[in-house]
Amino acid sequence: MTLGLTADDVLSTTRAVRKRLDFTRPVPRHLIEECVDLATQAPTGRNRQRWHFLVVTGKAQRAA
């Protein structure tokens, strides 16, 4: 099933829409990076911007 959503669409849609996404399908690295870029646009308390992101792509690492 392809929904044809951009990273912007996915991050800004309701949970009901996100529940239909296929979490078993691999996500391209460029799309992950785009999502992280969009996430840094969210406001933070006192504008501290202390973001920390860790992208884990290996199956063994994810399972651990």
Side-chain angles (χ1 to χ4, degrees):
M1 170 176 69
T2 302
L3 297 177
L5 298 174
T6 66
D8 293 336
D9 295 334
V10 171
L11 293 174
S12 62
T13 57
T14 64
R15 275 188 229 143
V17 172
R18 288 188 299 225
K19 286 182 180 181
R20 293 187 290 164
L21 298 175
D22 182 5
F23 292 109
T24 61
R25 190 175 61 190
V27 179
R29 178 70 180 212
H30 72 88
L31 184 57
I32 294 171
E33 292 172 359
E34 186 178 344
C35 290
V36 170
D37 287 342
L38 288 169
T40 61
Q41 299 301 313
T44 58
R46 296 185 183 175
N47 199 26
R48 291 185 180 181
Q49 302 173 352
R50 295 181 179 173
W51 296 293
H52 300 280
F53 298 97
L54 177 63
V55 177
V56 179
T57 57
K59 286 185 180 183
Q61 290 175 318
R62 286 195 324 237

Item to check | Any residue meeting salt bridge (Lys or Arg N to Asp or Glu O under 4.0 Å) with Arg29, in chain and number order, not counting sequence neighbours | outcome: Glu33
Item to check | side chain to side chain contact (heavy atoms under 4.5 Å, CB included) against Pro26, all qualifying residues, sequence neighbours excluded | outcome: none
Checklist entry - Shared ILVMFWY cluster between Val27 and Val55, side chains joined below 4.5 angstrom? => result yes
Next on the checklist: Test of understanding: with side-chain hydrogen bond (donor to acceptor under 3.5 Å, both in side chains), list the residues that count as partners of Thr40, not counting sequence neighbours.
Outcome noted: none
Checklist entry - If you look at every heavy atom in Thr57 and Arg62, which pair is closest and at what distance? => result O-NH1, 3.5 Å
